[in-house]
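One structure is given below, encoded as structure tokens.
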Number of protein chains: 2
Amino acid sequence: MNQQLRMTKQRAAVAGALDATDEFRSAQQLHEQLRDRGDAVGLATVYRTLQALAAGGEVDVLRTDDGEALYRRCARTEHHHHLVCRSCGRAVEIDGPTVESWAASVGASQGFTEIEHTVELWGTCADCRASATAG
Amino acid sequence: MNQQLRMTKQRAAVAGALDATDEFRSAQQLHEQLRDRGDAVGLATVYRTLQALAAGGEVDVLRTDDGEALYRRCARTEHHHHLVCRSCGRAVEIDGPTVESWAASVGASQGFTEIEHTVELWGTCADCRASATAG
DNA sequence: TCGCTCTTTGACATCGGTTCTCACCAGGCC
DNA sequence: GGCCTGGTGAGAACCGATGTCAAAGAGCGA
């Protein structure tokens with residue numbers, strides 16, 4: 001967490017919850033999880049903390065199809081993409097060097113500048129597929 | 001528009017507004033645009049119509065960073081991606097054959113199934129850059 | 001053209017995620 | 001410990017999107 005922010009137990013709790021999983025979680029899920037665990041933190045604080053972490057590049061954010069924001073603490077802070085399980089939220093960090101160069105060249109060839117790209121892969125992880133088959 | 005739906009003037013107006021532009025537009029923008037033009041259509045109807053068009057694959061949908069849905073009538077119905085101007089919404093349809101195969105192979109190598117991918121490029125188009133520089 | 005039926009419409013209520021407000025609380029520093 | 005300032009949290013507000021339901025109208029057969 002950033003050093004110009006005061007380290008409060010609420011921020012530590014949110015950061016800790018993120019550190020403890022490799023799954024993308026919504027603010028509401030994290031809030032509920034902290035409450036269940038006894039580390040009650042206000043919902044507004046969860047949102048503020050996630051926002052601060054995201055602004056500092058310490059968590060990655062993505063949006064579900066219906067617009068909800070999901071957060072995840074990634075091992076690396078450099079640019080990367082994700083393969084996310086649409087059922088449990090588990091994610092794998094992936095690289096796409098060919099995608100990077102493709103995006104840059106396509107953008108430039110169309111006269112666009114300041115190109116950014118959104119590349120996320122969604123699937124069903126092996127565990128979720130197994131339990132779906134079993135159930 | 002789908003033939004098992006009744007063709008009403010409201011639906012025609014929404015479809016017409018989409019046909020008249022190559023920019024991604026939000027439901028609210030379309031609603032306002034129709035009202036300004038005199039073709040007043042209820043907001044709920046705009047949403048419903050866009051939903052129906054999207055379900056039939058007749059318009060493409062994407063989400064802005066803050067979760068708002070944007071709609072665009074694309075020339076082709078086959079799978080493709082977009083290079084979108086983050087300022088005016090103008091979009092260019094693009095192909096990424098290498099991205100397609102990369103996505104599929106990465107997904108499979110991690111044991112994920114039913115892989116889908118989200119690939120959108122964002123930039124500033126030449127016109128918007130020019131007016132930004134001028135202003 | 002006239003009615004009938006059944007979908008569609010639209011004003012409004014509601015929902016769900018997110019952000020704002022503001023009085024109170026508590027780190028960090030002396 | 002005391003002060004100052006940023007952080008917290010309960011609830012309100014906000015905003016995009018969806019649900020409700022009575023009234024309107026498209027399509028069809030007569």
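Naming convention: chains lettered A, B, ... in sequence-line order (proteins, then strands); numbering from 1 in each chain.
Here B/T113 pairs with A/T124, A/R129 under the side-chain contact (heavy atoms from CB on, under 4.5 Å) rule; sequence neighbours left out.
Separating the CG atom of A/D66 from the C1' atom of C/dC15 is a distance of 13 Å, rounded to the nearest angstrom. Atom C1' of nucleotide C/dT9 and atom NE2 of B/H31 are separated by 12 Å, given to the nearest angstrom. If you measure from atom CZ of B/R11 to atom C1' of D/dA24, you get 14 Å, rounded to the nearest angstrom. In this structure, CG of B/L50 is placed 13 Å from C1' of D/dT18, rounded to the nearest angstrom. One can place CG of B/L62 at 16 Å from P of D/dG16, the figure rounded to the nearest angstrom. Atom-to-atom, CZ of A/R35 to C1' of D/dG9 comes out at 14 Å; the value is rounded to the nearest Å.
Using a 4.5 Å cut-off between side-chain heavy atoms of Ile, Leu, Val, Met, Phe, Trp and Tyr, B/Y47 falls into a hydrophobic cluster with B/L43. Residue A/L83 belongs to a hydrophobic cluster whose other members are A/V92, A/I94, A/V99, A/W102, A/V106, A/F112, A/I115, A/V119, A/L121, B/L83, B/V92, B/I94, B/V99, B/W102, B/V106, B/F112, B/I115, B/V119, B/L121, with links defined by side-chain heavy atoms closer than 4.5 Å.
Considering only heavy atoms from C-beta on, B/H81 comes within 4.5 Å of B/H79 through its side chain. For the pair B/H82 and B/C74, the minimum side-chain heavy-atom distance is below 4.5 Å.
For the OP1/OP2 pair of D/dG7 and a distance below 4.0 Å, the side-chain nitrogens and oxygens of A/Q10 include no atom meeting the criterion.
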Can you give me the N/O atom pairs linking the protein to nucleotides 26-28 of chain C at distances under 3.5 Å, or say none if there are none?
| unit_1 | atom_1 | unit_2 | atom_2 | d |
| --- | --- | --- | --- | --- |
| C/dG27 | N2 | A/R6 | NH2 | 3.1 |

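Between A/D19 and A/R73 there is a salt bridge, since at least one side-chain N of the basic residue sits less than 4.0 Å from a carboxylate O of the acidic one.
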Tabulate below the donor-acceptor pairs under 3.5 Å that side-chain atoms of residues 32-39 of chain A make, not counting sequence neighbours, or state none.
| unit_1 | atom_1 | unit_2 | atom_2 | d |
| --- | --- | --- | --- | --- |
| A/Q33 | OE1 | A/R25 | NH1 | 2.7 |

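For the side-chain contact (heavy atoms from CB on, under 4.5 Å) criterion with A/L53, the lone passing option out of A/E58, A/R48, A/R11 is A/E58.
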Letter per nucleotide, 5' to 3', of nucleotides 17-24 of chain C [B base touched, S only sugar-phosphate touched, - untouched; heavy atoms, 4.0 Å]: SBBBB---
